[in-house]
Amino acid sequence: MKVKQLSIFLENRKGRMRKALDVLEKGGVNIRALSIADTSDFGILRLIVPEPDKTKKLLEDNNFLVKVGEVIAVRMSDRPGGLGEILGILDDSDINLEYLYAFVEEKENGAIVLLHPENIDDGIKALQDGGAEVILAKDIYGL
Amino acid sequence: MIWNEKAECMSENDKEALQLERLQMAVKRAYESVPYYKKRFDELGVKPDDIKTLKDIEKLPFTTKDDLRDAYPFGMFAVPRKEIVEVHTSSGTTGKPTVSGYTRGDLEIWGEVMARGLCMFGVTDDDIIQNTHGYGLFTGGFGVHYGAQKMGATVIPISTGQTKRQIEIMQDFGTSVMIFTPSYGLYLAEEIEEEGIDTKTVGLKAIGFGAEMWTEEMRQEIQKRFNAPAYNIYGLTEVIGPGVGLECSEREGLHISEDHFYPEIIDSDTHDVLPDGEKGELVLTTLTREGTPLIRFRTKDVTKLTRGKCGCGRTLVKMDRVTGRTDDMMKIRGVSVFPSQIEKALLRIDEVEPHYQIIVTRPHLMDEVEVQVEASESLFSDEIKELVGIREKIEDYIHSEIGLRVKVTLVEPKTLPRSEGKAVRVIDKRKL
């Protein structure tokens, strides 16, 4: 149920993001989803990739600071209000979200949201109980 | 005007005779009253009686800041503690500071040498001196204060900061002499102008400044802004405080009161004494201090000595303004800071010493410090708010260690330069 996510520390400086992406390109890593959180002097690049552990090592070999964390992937309908429904479920269960990011899934005419609640197990349970479609990790990596 | 013509204009012969007499007494007192000196002298096999000429001082051991720290708190006192009427300390890099104890006689000397300096600046008992140096354990404020009192001038002990109040008092009280650090002086000038007051109409007669390194350009700028001459003050807490070296009207070096302090310049590697005119580390011996006499104290300040009669009429030796250090001490906004203090603060965050670099700039008159810290596995978190929290925690730790606010930036691993395995710790861009 839990999807592995790589978090990469980046300085907020010209060319840093590009350098990380170059490393992934050379290693033949195709990024499934990505988001960036930033402050004025540093940022965190969050990635979903098919082989998280291998990619972590690749990045670390290139001097990047990487942590592997977990997020929940939920499929939602690609229409106005789709995301709101998911958030509503968490809200009703009184679960706080640290952050989320989403992308559109062309094949299924749907969209996928990646969620990082404070407690990931509670989050999964609440979402499933609320009728949300929580996707398996292998389905995300293989997209 | 010369405050003490007898002492400040002695012939070389008279001066050397007086110095030898006082040195012999100082060495004897140190040997007999301070166990530390007795031990060191005995180790080297020298006795106070071995001092037959001034040059014999070279037989004596050096004293370092570490030696003083080891004697914390009162181990260097040469008189019973009861006779000490005041203490000051200098900042400690590894916990304990060094303590300087003053007898009534020491305070008298301090006032005397500082009064000589104020007199060099053209100050008289009719002047109003606004002393922005801090009053406290540091010697900055009190040294100038005692000199002003000795002279009989009116002293405003306003201390550092409260810039608006400084400006108000300058105007209302009719301050004629300002004492400040160069960077605070420039900041003050700017604030005054901001209030729509022409600094030139403040009517200053003289400015005394010390406690940090500066450039001739900074002096010119301050003199232009305030339309008054600015004079350099040198001193260090271990020796007595401000008043060891002071600039006369020639403004070409600082006169050292040689009847109280005996200066030498050494090569800090070979420890050889260098001839006049050669740059090296300043070593000072106190000839008259009673509380904490110092024998050949290594200041780690780099300068050179020039002898001969000065244009002002004085015969006291002159030292150049200090242009560097033999160690890695930095002066930030007048405060002494060692990279090791910052390292200590970083070690509180993480068991492993992180790679860091200190960048000192002076973007706009005031010194700014940025500490770049390489993020590591243990420092890194997936949460922005945690990372920001770690950064703030480092800033707080450094603040409590050095007393100054610095900006901490987390940088990527292995991005800070390393040379031969050892990192370049400090980049000073101030062009001092």
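All values derive from a computational prediction rather than experimental measurement. By convention in this document, chain letters (A, B, ...) are assigned in the order of the sequence lines, proteins followed by strands, and residues within each chain are numbered from 1.
- At least one donor-acceptor pair closer than 3.5 Å links the side chain of A:E11 to the backbone N or O of B:E412.
- More than 12 non-hydrogen atoms from other residues, nucleotides or ligands lie less than 6.0 angstrom from CZ of A:R79.
- A:F42 is listed as a side-chain neighbour of B:V388, based on a closest heavy-atom distance under 4.5 Å.
- Within 6.0 Å of CD in B:E195 there are more than 12 heavy atoms belonging to other residues, nucleotides or ligands.
- Among A:D41, A:I44, A:L65, A:N63, the residue making the largest number of heavy-atom pairs under 4.5 Å with chain B is A:L65.
- Rounded to the nearest 0.5 Å, atoms CD (B:E383) and CD (A:E118) are 8.5 Å apart.
- Annotation for A:K54: atom NZ does not count as buried by contact number, only 12 or fewer foreign heavy atoms lying within 6.0 Å.
- Looking at A:N12, neither its backbone nor its side chain comes within 4.5 Å of chain B, counting heavy atoms on both sides.
- Two residues are said to be in side-chain contact when any heavy atoms from C-beta on lie closer than 4.5 Å; B:P413 and A:F64 fail this criterion.
- Atom CG of A:D61 has more than 12 neighbouring heavy atoms from other residues, nucleotides or ligands inside a 6.0 Å radius.
- Around NZ of A:K4, the count of heavy atoms belonging to other residues, nucleotides or ligands within 6.0 Å does not exceed 12.
- Counting only heavy atoms from C-beta outward, the side chains of B:L410 and A:F9 approach each other to under 4.5 Å.
- Both the backbone and the side chain of A:L10 come within contact range of chain B, judged by heavy atoms closer than 4.5 Å.
- The neighbour count for B:K407 NZ, taken as heavy atoms of other residues, nucleotides or ligands under 6.0 Å away, is above 12.
- Closest approach of B:F380 to A:S7, counting heavy atoms only: CE2-O, 3.4 Å.
- A side chain to side chain contact (heavy atoms under 4.5 Å, CB included) with B:D382 is found for one member of A:E98, A:Q5, A:K67 and no other, namely A:Q5.
- Annotation: side chain of A:Y99 is not in contact with side chain of B:I384 (no heavy-atom distance under 4.5 Å).
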